[in-house]
Amino acid sequence: MLNKLKELRALNAFSKKQSMGMQRKLMLYWVSMILVIFAAVILLLSIAGVFSRDDEQLHEMMELHLKNTRDNMESQLDHLTAQSLNLSKELSREIEGVLIKERISFQEVNDDPQKLLQLQERMYPLVSATLQTANCNGAYVILDATTNTELAIADHSRSGIHLRYSNLSASSPVTPTVVYFRGIPNIAWQKDLELHNRWNLEFDIDLIPGCRELMEAPLNRPAERYFWSHRIDLKDTWESAMLLCVPIVGSDGTVYGVCGVEISALYFQFSYPTVEGQFGSAVTVLAPIQDNRLLLADGLVGSVNGTYLGNRENLAIHQGRYYNEYDTGSERYIGLHQTIPISKGETGENAWAIAILISQDSYAAYTDDIQKVWIIAAFVMLLVLLAFSFFLARRFVRPITDSLKRFQQEEMLEQGLSSGISEVDELAEFLNARARNQRLEQGELPPNIAELFDQFVERTDLLTEAERNILRYYIDGHEIAEIPELAFISMSTVRKHNRNIYEKLGVASRDELMLYIDLLRRCGRLQELF
């Protein structure tokens with residue numbers, strides 16, 4: 001390759017003395033070689049992923065998705081909180097109305113199923129209305145009272161009402177069926193409601209962390225303290241849900257119980273489906289965040305179609321420049337999260353966060369596809385430019401080198417071959433004419449070639465006597481390695497004379513020098529050099 005580049009430089013120097021036509025052709029070939037190098041660099045950069053903006057685009061997409069999801073979820077939770085606070089207020093009014101009418105204290109409803117039934121009949125319309133108007137799948141009220149205080153479970157069993165939607169599905173979310181999950185069954189019979197297949201008379205408040213403490217806390221109004229529970233398993237069912245727990249506070253500060261709404265894991269999945277995008281399926285998560293871990297087991301996960309994300313895992317968070325990595329130990333996800341306040345008055349509770357997650361495998365598959373496109377495009381461009389450079393080599397450079405070889409072997413002179421290069425063909429035609437007429441001494445070179453040779457001969461006057469001796473050795477056919485012995489000088493001195501000869505005669509190499517000598521010999525002008 002190095003020899004070819006040297007040869008190309010020599011030809012380029014020779015062409016400058018011949019004509020602009022040959023110079024332009026060689027320049028075009030040089031440009032094609034530069035383009036090949038450029039294409040090779042592009043290919044290497046494509047393999048390294050330098051041109052990829054996938055991370056930035058992913059960050060922008062996730063940031064926008066997270067903002068929209070956060071706004072939507074905050075609005076939903078704020079409405080549920082407002083409706084639950086209003087439910088607490090209305091329930092407190094109804095409970096106090098029954099107590100005043102019956103002239104009893106709240107503690108006296110314990111062990112009195114009839115009074116409890118009366119209270120639940122007054123509370124049912126409020127719970128039912130909340131369920132029908134709120135963006136949730138259940139509404140409930142728990143009184144700090146029980147039917148039988150003598151039972152072993154009396155310490156954690158509490159009377160109340162829990163209404164839920166039973167047939168939630170993505171195909172028919174508009175017409176769900178209300179079922180009676182907890183409460184005195186007389187109300188279900190009165191309202192023609194179906195009992196849940198895992199119905200129970202009372203609530204087990206030990207299954208709702210924080211519920212007992214909320215009932216026992218001294219409060220002046222419900223808005224002072226309320227919270228969303230961690231995701232809990234609904235007793236005797238395969239379902240799990242989060243409950244908003246709001247205290248029911250009487251006018252004298254007595255806490256009558258807890259009320260609120262329910263968001264089940266299934267309902268959350270239907271509310272927040274996966275969002276399909278170019279980077280993969282984006283999953284919405286609402287979960288506590290603690291010690292740089294996202295606790296999915298205590299939160300809710302939207303639809304996970306297209307991913308392997310489970311709802312019982314904890315994700316270790318690794319901060320990144322454009323996105324975070326969330327590691328389950330066996331699977332990795334990438335995404336962003338933001339904290340969100342969903343409780344009030346709770347101490348020592350974990351912060352909650354909304355997160356948007358995408359499988360790292362799906363993102364890697366996308367980026368690999370994009371990188372392959374870049375690599376293939378760069379490779380195709382490199383092949384095209386290589387083909388173009390080979391074409392130019394065959395079209396422009398090769399005819400020049402072939403013609404020079406034929407000059408040396410006298411093939412062009414004997415056979416009258418054409419090189420396709422006007423300057424070379426013009427010289428060959430002239431030399432052929434001289435050879436056929438055997439009158440080289442009388443022939444006339446073309447004006448541009450004659451002028452070139454005249455200038456070369458004139459420049460020999462610039463040579464010193466030592467340099468002329470070196471030139472004679474070359475004319476006699478000696479190689480550079482033979483000259484030190486013939487001239488009784490060192491090789492470094494020979495090289496120094498060579499540089500001076502090349503500079504003074506205006507040639508770039510020994511090959512170009514010998515070309516002039518050979519052509520002058522053929523034209524019968526070799527003696528003019530001396």
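Judged by distance alone, the side chain of Ser264 and the main-chain N or O of Ala241 form no donor-acceptor pair under 3.5 Å. Judged purely by atom type and a 3.5 angstrom limit, Thr133 uses its side chain to pair as donor or acceptor with the backbone of Ala129. A donor-acceptor pair under 3.5 Å is formed between the side chain of Glu96 and the backbone N or O of Ser251. Side chain of Thr130 to backbone of Leu126: a donor-acceptor contact under 3.5 angstrom is found. Between the Tyr322 side chain and the Gln57 main chain, no donor and acceptor come within less than 3.5 Å of each other. Side-chain atoms of Asn292 come within 3.5 Å of backbone atoms of Ile317 as a donor-acceptor pair (strictly under, hydrogens ignored). The main-chain N or O of Ser88 is never found under 3.5 Å from a side-chain atom of Ser92 such that the two would form a donor-acceptor pair. Of the possible polar contacts, none joining the Arg122 side chain to the Glu94 backbone as a donor-acceptor pair under 3.5 Å is found. Between the side chain of Arg231 and the backbone N or O of Ala287, no donor-acceptor pair lies under 3.5 Å. Side-chain atoms of Arg225 never come within 3.5 Å of backbone atoms of Arg221 as a donor-acceptor pair (strictly under, hydrogens ignored).
A distance of 6.5 Å separates CG of Leu117 from CD of Gln190, quoted to the nearest 0.5 Å. Summarising the geometry, atom CE belonging to Met73 is positioned 9.5 Å from atom CG belonging to Leu66; distances are rounded to the nearest 0.5 Å. The CG atom of Leu77 sits 8.5 Å away from atom CG of Leu244, with the distance rounded to the nearest 0.5 Å. Taken from CZ in Arg332 to CG in Asp327, the straight-line distance is 4.0 Å, to the nearest 0.5 Å. Taken from CD1 in Ile289 to CD in Gln338, the straight-line distance is 11.0 Å, to the nearest 0.5 Å. To the nearest 0.5 Å, the span separating CZ on Arg182 from CD on Gln120 amounts to 12.5 Å.
For the salt bridge (charged side-chain N to carboxylate O under 4.0 Å, His left out) test, residues two or more places apart in sequence or in another chain that qualify with Asp206 are Arg212.
Using a 4.5 Å heavy-atom threshold, the side chains of Leu131 and Tyr165 count as touching. Val283 places none of its side-chain heavy atoms less than 4.5 Å from the side chain of Ile356. Residues Tyr226 and Pro222 fail the side-chain proximity criterion, which asks for heavy atoms closer than 4.5 Å.
Pairing each heavy atom of Val255 with each of Met215, the nearest pair is CB-O, 3.3 Å. Minimum heavy-atom separation, Leu116 to Leu143: CD2-CD1, 4.4 Å. In terms of heavy-atom proximity, Gly299 sits nearest to Pro288 at N-CD, 4.0 Å. Between Ala282 and Ile358, the shortest heavy-atom distance links the atoms CA-CG1, 3.9 Å. Scanning both residues, Lys115 and Asp112, for their nearest heavy atoms gives CG-OD2, 2.9 Å. Scanning both residues, Asn110 and Thr146, for their nearest heavy atoms gives OD1-N, 2.9 Å.
Atom CD of Glu194 has 12 or fewer neighbouring heavy atoms from other residues, nucleotides or ligands inside a 6.0 Å radius. In this structure, Glu216 places its CD atom where more than 12 heavy-atom neighbours from other residues, nucleotides or ligands lie under 6.0 Å away.
Side-chain contact, Asp252 with Thr254: a donor N or O sits under 3.5 Å from an acceptor N or O. Side-chain atoms of Glu331 and Thr328 form no donor-acceptor pair, as typed in the model, at a separation below 3.5 Å. Between the side chains of Glu202 and Thr147, at least one donor N or O lies within less than 3.5 Å of an accepting N or O.
Ring-centre distance between His162 and Trp199: not below the 6.0 Å cut-off.
Within the structure, no pair that satisfies the salt bridge (Lys or Arg N to Asp or Glu O under 4.0 Å) test touches residues 269-285, not counting sequence neighbours.
Ring geometry, Phe106 versus Tyr256: the interplanar angle falls from 30° to 60°, so the pair is classed tilted. By the 30° and 60° cut-offs, the orientation of the rings of Phe203 relative to Tyr140 is tilted.
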